[in-house]
Undergrad: 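This is the structure, below, for whatever I ask next.
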Amino acid sequence: MDDEVPVGRVMPPRSQDELLTRARALAGHPLATIAKRHAMPVPSTFRRAKGWTGTLVERALGATATSRAMPDFPHLGVELKTLPVDDRGRPRESTYVCTAPLSAADLGTWVDSWARRKLSRVLWVPIVGDEEPGARRVGAAFLWSPTAEESEILEADWDELVALLALGDLTRIDGRLGKALQVRPKAADASARTWALDESARWVRDHPRGFYLRPSFTGALLARELLLPR
DNA sequence: ACTTGATCATAC
DNA sequence: GTATGATCAAGT
């Protein structure tokens with residue numbers, strides 16, 4: 001019944017507290033219920049709707065729509081990430097972070113990297129279950145910033161990966177590298193190409209890639225949150 | 001079973 | 001093509 005109350009555009013939250021409160025109010029609800037409130041269609045599969053969950057939760061929480069190269073909540077400096085988990089709370093997928101630069105001119109330091117900034121403050125929203133999209137339920141969201149230990153791991157991975165990218169050693173970089181952060185293809189399909197610098201500093205065309213967080217890393221965040229909620 | 005590489009939709 | 005949001009599905 002209250003599922004049928006039409007809700008217009010949700011205003012951006014004014015504080016991290018307000019954001020977290022809103023997110024936690026979604027806990028336990030099936031995605032179909034939330035979709036109905038926001039007049040969004042519910043796909044029967046993710047096959048052609050891979051970003052549906054993320055877009056749905058963005059709307060439900062009042063994130064700025066389709067903003068570019070900005071946090072989901074610019075005023076709060078918070079990035080929103082939905083995280084699919086199984087019924088035991090284990091992540092089902094890796095988490096996309098950002099594009100991996102393939103040209104040395106774009107490579108800076110970890111501290112001023114796009115990856116570090118995006119991961120400096122994240123609202124994780126677990127999505128529980130392996131049923132069809134509409135039947136999956138929202139879990140208990142939480143705000144996260146890397147601990148000193150997590151930050152060290154991320155920085156070490158980033159340094160290792162970016163060193164290879166800076167050397168133009170594109171044939172040596174693949175998804176096997178990195179304890180928490182990895183580099184994998186990120187494109188419409190395998191034919192996509194972008195400009196990159198090879199080991200001889202010559203411009204070549206290669207597959208666009210992105211940084212991703214491994215499920216083992218996000219799983220550890222979830223486990224820690226369960227033990228020591230902040 | 002898990003991971004890496006491939007892929008899907010949309011805005012600009 | 002690049003950026004946003006991710007999951008699919010082949011390979012090991």
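We name chains A, B, ... by the order of the sequence lines, and we start the count at 1 in each one. Owing to the predicted nature of the structure, the values given are computational and were not obtained by experimental measurement.
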Undergrad: What is the nucleic acid contact for Ala190(A), judged by heavy atoms within less than 4.0 Å: base, sugar-phosphate only, or nothing?
TA: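 Sugar-phosphate, no base atom in range.
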
Undergrad: Check if the side chain of Lys81(A) and the base of dG5(C) share a donor-acceptor pair of N or O atoms closer than 3.5 Å.
TA: no

Undergrad: Hey, does Ala49(A) reach any base, or is it just sugar-phosphate, or nothing, if we go heavy atoms under 4.0 Å?
TA: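 Counting heavy atoms under 4.0 Å across all strands, no contact is made by Ala49(A).
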
Undergrad: Measure the distance from CD on Glu93(A) to P on dT3(B) and round it to the nearest whole Å.
TA: 11 Å

Undergrad: Give a yes or no answer on whether the side chain of Arg92(A) reaches the backbone of Asp86(A) with a donor-acceptor pair at less than 3.5 Å.
TA: no

Undergrad: Is Arg47(A) touching bases, backbone alone, or none of the nucleic acid, heavy atoms closer than 4.0 Å?
TA: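 Sugar-phosphate, no base atom in range.
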
Undergrad: When the distance from CZ of Arg176(A) to P of dG11(C) is rounded to whole Å, what number comes out?
TA: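 About 15 Å, once rounded to whole Å.
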
Undergrad: Indicate, with a heavy-atom threshold strictly under 4.0 Å, whether Lys118(A) touches base, sugar-phosphate, or nothing.
TA: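 Here Lys118(A) touches the backbone only, sparing every base.
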
Undergrad: Specify the separation, in whole Å, of atom CG of Leu31(A) and atom C1' of dG5(C).
TA: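 Leu31(A) atom CG is separated from dG5(C) atom C1' by 14 Å.
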
Undergrad: Quick check: any donor-acceptor pair below 3.5 Å linking the side-chain of Lys186(A) to the base of dT7(B)?
TA: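 When only heavy-atom distances are counted, Lys186(A) does not reach the base of dT7(B) through any donor-acceptor pair under 3.5 Å.
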
Undergrad: Any idea which of dG5(B), dT4(C), dT2(C) is nearest the Thr194(A) side chain?
TA: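 The answer is dT2(C).
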
Undergrad: Would you classify Thr82(A) as touching base, sugar-phosphate or nothing, given that sugar-phosphate means primed atoms plus P, OP1 and OP2, and contacts are heavy atoms under 4.0 Å?
TA: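 Since only primed, P, OP1 and OP2 atoms lie under 4.0 Å of Thr82(A), the category is sugar-phosphate.
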
Undergrad: Do other residues, nucleotides or ligands put more than 12 heavy atoms under 6.0 Å from Arg47(A) CZ?
TA: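 Open.
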
Undergrad: Spell out, as yes or no, whether a donor-acceptor pair under 3.5 Å connects the side chain of Glu150(A) to the backbone of Thr147(A).
TA: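 Checking the backbone N and O of Thr147(A) against the side chain of Glu150(A), a donor-acceptor pair under 3.5 Å is found.
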
Undergrad: Counting any heavy atom closer than 4.0 Å, what does Arg205(A) reach on the DNA or RNA strands: base, sugar-phosphate only, or nothing?
TA: sugar-phosphate

Undergrad: What does Trp114(A) touch in the nucleic acid at a heavy-atom separation under 4.0 angstrom: a base, only the sugar-phosphate, or nothing?
TA: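 Result for Trp114(A) = sugar-phosphate.
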
Undergrad: To the nearest Å, give me how far apart OH (Tyr212(A)) and P (dA6(C)) are.
TA: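 The distance from OH of Tyr212(A) to P of dA6(C) comes to 12 Å, rounded to the nearest Å.
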
Undergrad: Would you indicate what Tyr96(A) reaches in the nucleic acid, counting non-hydrogen atoms under 4.0 angstrom: base, sugar-phosphate, or nothing?
TA: base

Undergrad: Would one find a side-chain N or O of Thr53(A) under 4.0 angstrom from OP1 or OP2 of dA6(C)?
TA: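 No, outside the criterion.
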
Undergrad: With heavy atoms under 4.0 Å as the rule, sort Arg214(A) into base, sugar-phosphate or nothing.
TA: sugar-phosphate

Undergrad: Using the side-chain heavy atoms of Arg48(A), tell me which of these nucleotides is nearest: dT7(B), dA9(B), dG5(C).
TA: dA9(B)

Undergrad: With a non-hydrogen cut-off below 4.0 angstrom, is Pro215(A) in contact with a base, only sugar-phosphate, or nothing?
TA: nothing

Undergrad: Find the distance Gln182(A):CD to dC2(B):P and express it as a whole number of Å.
TA: 15 Å

Undergrad: Minimum heavy-atom separation for Ala180(A) to Leu154(A), with atom names?
TA: CB-CD2, 4.1 Å

Undergrad: Please work out whether the ring planes of Trp52(A) and Phe46(A) are parallel, tilted or perpendicular, with thresholds of 30° and 60°.
TA: tilted

Undergrad: Take the protein atom CZ of Arg184(A) and the nucleotide atom P of dA6(C), then report the distance between them rounded to whole Å.
TA: 14 Å

Undergrad: Find out whether the Lys NZ or Arg CZ of Lys186(A) is both under 6.0 angstrom from the six-membered ring centre of Tyr96(A) and within 45° of the ring's axis.
TA: yes

Undergrad: For Gly175(A), which contact category applies under a 4.0 Å heavy-atom criterion: base, sugar-phosphate, or nothing?
TA: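 Touches sugar-phosphate only.
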
Undergrad: For Leu177(A) and dT3(B), what is the distance between atoms CG and P respectively, to the nearest whole Å?
TA: 15 Å

Undergrad: Take atom CZ of Arg193(A) and atom C1' of dT2(C), then tell me their distance rounded to the nearest Å.
TA: 16 Å

